[in-house]
Amino acid sequence: MKRLLFSIALLIAATPVYAGAYRAVQGDMLTIERELPDGALTLHCFGKMWPAIRTETGVARAWVGVDLKTRPGSHSLKWSVTTPKSGTAQFVDRLSVSKGEFRVSHITVDRKMAVFGKEELKRIRADQQRLKNSYIAKVDAQPDLQISGMPVEGIMSTPFGAQRYVNGEPRSPHSGIDIAAPEGTPVITPLAGRVLVVSEMYLNGNTISIGHGYGVVSVFSHLKTASVKEGDWIEAGSEIGEVGKTGRATGPHLHWGVRFRQARINPESMIVKKQGY
Ligand SMILES: [Zn+2]
């Protein structure tokens with residue numbers, strides 16, 4: 001009998017149940033909810049594991065980061081539910097990703113901010129490495145990944161995903177949003193988190209990286225000043241610095257980028273829009 005039960009469990013595990021369909025645009029932070037049997041949850045998509053929890057009502061909720069360069073088309077959301085009694089059952093949903101409508105952005109800067117010597121390149125790479133390390137730093141928190149407002153009041157000067165040209169040369173797409181505001185305007189963190197990096201960077205200027213938990217990390221750049229230090233825990237809505245134009249900036253603005261398990265996310269998509277059934 002035991003063997004028969006074990007075989008049934010294996011059969012369940014090997015037969016995914018196709019159920020739901022979800023939609024996202026490149027750069028979305030996707031919140032999904034669905035009914036699933038009781039048990040421990042995992043969710044895999046794009047070859048990565050994503051945070052999955054149970055809500056108070058027992059519904060499964062997960063968040064998925066759809067990187068800016070995700071291939072448009074159909075992808076699988078693979079849930080698994082494990083119980084000691086019946087083993088692991090799999091449930092597969094479809095996620096349809098469509099292309100983001102990203103604009104083209106041209107900026108003109110001083111030659112020294114576009115063509116780099118050996119020393120500058122070394123510094124730029126070291127800055128990038130510090131930020132990359134912060135994207136994978138462990139922060140022990142279980143955030144509710146919703147925001148009700150922006151870190152600064154201002155005008156969106158460069159939207160997420162814009163294909164950038166610096167002095168006519170194509171560069172990597174814009175992995176955050178730029179909000180133009182007067183120098184000295186307070187910058188607040190829309191989500192609580194641990195300060196991972198406070199640094200004066202060559203291109204990004206004064207920069208703060210904050211880990212919110214679940215592998216979600218915010219980067220705030222071009223600040224005039226930073227009023228937090230590495231290791232601080234900052235509550236949502238707290239001031240972390242002031243808008244500036246440090247680093248490669250044509251005017252005072254805040255650059256806000258969000259990484260989710262390294263995926264480049266449009267911060268605006270964190271103003272939550274749930275899909276579920
Ligand atoms: Zn920017």
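Note that ligands are numbered from 1 as they come in the structure, with each ligand's atoms numbered from 1 the same way.
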Check this for me: [X], atom [atom1], are more than 12 non-hydrogen atoms of other residues, nucleotides or ligands nearer than 6.0 Å?
{"X": "E153", "atom1": "CD", "result": "no"}
{"X": "M156", "atom1": "CE", "result": "yes"}
{"X": "E239", "atom1": "CD", "result": "yes"}

Restricting to N/O/S atoms, is H255 within less than 2.8 Å of the Zn ion (ligand 1) or not?
yes
Hey, is the Zn ion (ligand 1) within less than 2.8 Å of some N/O/S atom on H174?
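Checking H174: at least one N, O or S atom is under 2.8 Å.
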The Zn ion (ligand 1) - name of the N/O/S atom of D178 that sits closest to it:
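This residue's closest N, O or S atom turns out to be OD1.
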Would you please say whether a donor-acceptor pair under 3.5 Å links the side chains of T42 and S80?
yes
